[in-house]
Amino acid sequence: MIQREQEQASPDQPVVISSLVVETQPDQTAVIARSLGAITGVEVHETQGYKLVVTIEAETVDDSHQIASSFIELPGVLGVNLVYCNFEDERS
């Protein structure tokens, strides 16, 4: 499993929120959803058949890209598609 620890950022630094669709082998969808949900900054919001709706909250665009790129290393992941990227000034 791929895990990543994020450093504590200053409160005035914006956070990058990315939304993605992760396509999986149908028999691996549930396992991949659990694996992705265990990664720091990643949340699985919905499963639609063999597709997962996922968000990444990261400190920088590079961090977000690195996390998303790591998804393809999981057995059963067929594709990762960026849907949306936003920069938030306030942290949750």
Side-chain angles (χ1 to χ4, degrees):
M1 180 178 313
I2 303 159
Q3 286 233 308
R4 190 170 184 286
E5 291 191 30
Q6 295 179 337
E7 296 177 12
Q8 187 74 330
S10 66
D12 58 343
Q13 180 180 2
V15 64
V16 178
I17 300 173
S18 304
S19 176
L20 305 99
V21 173
V22 179
E23 297 180 59
T24 69
Q25 291 179 341
D27 63 334
Q28 295 294 310
T29 304
V31 171
I32 293 167
R34 285 190 298 273
S35 295
L36 293 178
I39 300 171
T40 301
V42 175
E43 187 173 343
V44 178
H45 296 276
E46 188 173 337
T47 300
Q48 297 177 352
Y50 63 93
K51 296 179 181 180
L52 303 170
V53 177
V54 177
T55 56
I56 298 171
E57 188 171 314
E59 301 303 322
T60 67
V61 171
D62 287 341
D63 289 344
S64 182
H65 181 267
Q66 182 179 356
I67 294 167
S69 294
S70 73
F71 295 173
I72 202 70
E73 297 173 14
L74 295 171
V77 171
L78 302 176
V80 179
N81 302 292
L82 178 66
V83 176
Y84 181 79
C85 186
N86 190 42
F87 301 89
E88 294 288 330
D89 290 332
E90 294 184 20
R91 298 187 172 278
S92 52

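Values reported hereafter were calculated over all heavy atoms of this structure, with side chains retained and with hydrogens, waters and symmetry mates removed.
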Shared hydrophobic cluster for [X] and [Y] (ILVMFWY, side-chain gaps under 4.5 Å):
{"X": "Val53", "Y": "Leu20", "result": "no"}
{"X": "Leu52", "Y": "Ile72", "result": "yes"}
{"X": "Val21", "Y": "Tyr84", "result": "yes"}

For Phe71, the option from Ile39, Ile32, Thr24 that meets side-chain contact (heavy atoms from CB on, under 4.5 Å)
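Answer after filtering Ile39, Ile32, Thr24: Ile39.
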For [X] and [Y], work out which heavy atoms get closest and say how close.
{"X": "Gly49", "Y": "Thr47", "answer": "O-CG2, 3.5 Å"}
{"X": "Ser18", "Y": "Leu82", "answer": "CB-CD1, 4.0 Å"}
{"X": "Ser64", "Y": "Val16", "answer": "CB-CG1, 4.2 Å"}
{"X": "Val44", "Y": "Ala33", "answer": "CG2-O, 3.5 Å"}

Point-to-point distance, once rounded to the nearest 0.5 Å, from [atom1] of [X] to [atom2] of [Y]:
{"X": "Thr29", "Y": "Gln48", "atom1": "OG1", "atom2": "CD", "result": "11.5 Å"}
{"X": "His45", "Y": "Thr55", "atom1": "NE2", "atom2": "OG1", "result": "2.5 Å"}
{"X": "Ser35", "Y": "Gln28", "atom1": "OG", "atom2": "CD", "result": "9.0 Å"}
{"X": "Lys51", "Y": "Asn81", "atom1": "NZ", "atom2": "CG", "result": "8.0 Å"}
{"X": "Glu57", "Y": "Asn86", "atom1": "CD", "atom2": "CG", "result": "11.0 Å"}

Does the side chain of [Y] come within less than 4.5 Å of [X]'s, by heavy atoms?
{"X": "Val77", "Y": "Val22", "result": "yes"}
{"X": "Leu74", "Y": "Leu36", "result": "yes"}
{"X": "Tyr50", "Y": "Gln25", "result": "no"}

Given the rule in the side-chain contact (heavy atoms from CB on, under 4.5 Å) test, do Val80 and Val54 qualify, once you have shown the distances and angles that lead to the verdict?
CA-CA 10 Å; Val80 179; Val54 177; over 6 Å; no
